[in-house]
S.K.: 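Can you keep this structure in mind? I'll have questions shortly.
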Amino acid sequence: MRETLTGDTDLADFVRGMPKAELHLHIEGTLEPEMLFELAGRNGVELPFEDEAAVRAAYSFTDLQSFLDIYYQGAAVLQTTQDFYDLMAAYLRRAHADGVRRAEMFFDPQTHTERDVGFDVFMEGFTAAMADAEAQCGISSALIMCFLRHLPGEAACETFRAAEGWLDGIIGVGLDSSEVDHPPEDFAEAYAMARAAGLRPVAHAGEEGPPAYITGALDALGAERIDHGVRCTEDPDLVARLVAAQTPLTVCPLSNLALCVVDDLADHNLKRLLDAGLKVTINSDDPAYFGGYVADNYVAVATALGLSREELARCARNSLEACFAPAAQKQAWVAELDAYVG
Ligand code: ADE
Ligand code: ZN
């Protein structure tokens with residue numbers, strides 16, 4: 001039996017049953033059209049779309065910016081603690097069904113604080129849903145606070161100061177939004193403050209931006225993982241450095257396709273990255289907008305590039321090893337994966 005997009009059912013079942021971590025996921029990017037309308041109705045927000053079908057039709061992007069414009073507009077329906085709880089609960093349910101043992105999720109505080117929705121509102125909603133999901137289905141999760149790079153470095157510093165009462169619930173900091181012309185060096189001060197407070201640094205780099213932004217994320221921000229990083233192959237010295245350090249790359253194939261980073265999934269360099277010895281992980285980025293959650297990404301890329309089950313398991317192992325959970329917990333998940341793949 002064949003299924004659309006996700007290839008054969010055996011492959012989909014194998015992927016869904018495989019223990020994995022999701023390390024590149026924007027929680028605001030999990031806002032499905034159905035919930036968009038539900039929250040707009042609840043909060044009296046007028047949407048520029050007639051119905052869910054019109055929303056889906058608008059999700060046709062030409063580049064990162066064309067997506068971000070719609071994505072920030074959608075986030076405006078998120079207003080109350082209950083809204084953030086519902087968004088988080090729905091994603092964690094979905095991730096659990098995809099075999100995710102650990103989810104490390106980005107959130108964009110500036111997208112909310114600029115609308116006068118404060119840290120208390122979204123942090124209380126997120127953390128309550130995360131605790132309930134762990135109690136109900138055992139999924140482990142953590143939050144990574146992203147700075148918006150189209151805003152100044154000083155705004156990132158102010159955001160970090162505003163988060164200071166909430167750091168117990170935040171494991172790391174990240175850098176997202178429009179990449180080109182917004183180099184990582186602008187955010188060195190905010191990252192220095194975050195690292196001094198014990199937060200783990202990661203950063204988007206080399207999605208649309210040049211390999212120099214990956215080098216900048218490593219050197220100026222101390223990034224421990226690179227989000228996307230697919231343009232690293234344009235600089236062989238950088239590839240050698242990433243291989244030597246085994247710096248994880250959180251690659252998002254369906255995102256790269258939807259945002260025209262690649263024209264065809266068959267052209268994606270994920271297999272070449274793996275073959276080069278890079279620590280590649282597979283993730284969904286903004287699944288409500290890009291047509292697939294994490295298991296869909298594994299299946300789509302396996303189908304397009306002819307990845308073997310061993311290669312898929314290597315990506316899952318990389319994800320578990322690259323997550324920021326305690327070492328003993330990571331070892332237990334890797335052992336579970338080893339037992340699964342035999
Ligand atoms: N925010 C949400 N998704 C993003 C992506 N893929 N790149 C940069 N910023 C983002
Ligand atoms: Zn992203």
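Remember, it's a predicted structure, so these values are computed and weren't measured experimentally. Values reported hereafter were calculated over all heavy atoms of this structure, with side chains retained and with hydrogens, waters and symmetry mates removed. Both ligands and their constituent atoms are indexed starting at 1 by order of listing. All residue numbers refer to positions in the sequence shown, counting from 1.
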S.K.: Donor-acceptor check, side chain of E124 to backbone of Q82, threshold 3.5 angstrom: yes or no?
M.R.: no

S.K.: Under 3.5 Å, is there a donor-acceptor pair between the D227 and T250 side chains?
M.R.: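 Yes.
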
S.K.: I need the protein N, O or S atoms closer than 2.8 Å to the Zn ion (ligand 2), given as residue plus atom name.
M.R.: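 Hits for the Zn ion (ligand 2) below 2.8 Å: H24 NE2, H26 NE2, H204 NE2, D285 OD1.
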
S.K.: Using the ring of each side chain (for Trp, its six-membered ring), is H26 parallel, tilted or perpendicular to H204, with breaks at 30° and 60°?
M.R.: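 It falls in the tilted class, 30° to 60°.
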
S.K.: Using a 4.0 Å cut-off on heavy atoms, what residues surround ligand 1? Order them by chain and number.
M.R.: H26, L64, F67, L68, Y71, D176, S177, H204, E207, H228, D285, D286

S.K.: Decide whether E22 and Y91 meet the rule of one side-chain donor and one side-chain acceptor closer than 3.5 Å.
M.R.: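 Present: a donor and an acceptor within the cut-off.
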
S.K.: When you measure from the side chain of D51 to the backbone of A53, do you find a donor-acceptor pair of N or O atoms at a distance under 3.5 Å?
M.R.: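 Yes, the answer is positive, given that a donor and an acceptor are paired below the 3.5 Å cut-off.
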
S.K.: What class does the angle between the rings of F147 and Y191 fall in, given that below 30° is parallel, 30 to 60° is tilted and above 60° is perpendicular?
M.R.: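 The arrangement is perpendicular - the two ring planes meet at more than 60°.
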
S.K.: Should L259 and V180 be counted in the same cluster of Ile, Leu, Val, Met, Phe, Trp and Tyr side chains packed under 4.5 Å apart?
M.R.: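 They do not share one cluster, since no chain of ILVMFWY contacts under 4.5 Å joins L259 to V180.
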
S.K.: Can you tell me if S177 and R149 form a side-chain donor-acceptor pair at under 3.5 Å?
M.R.: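 Distance-only check fails for S177 and R149.
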
S.K.: Just say parallel, tilted or perpendicular for the rings of Y59 and Y289, cut-offs at 30° and 60°.
M.R.: tilted

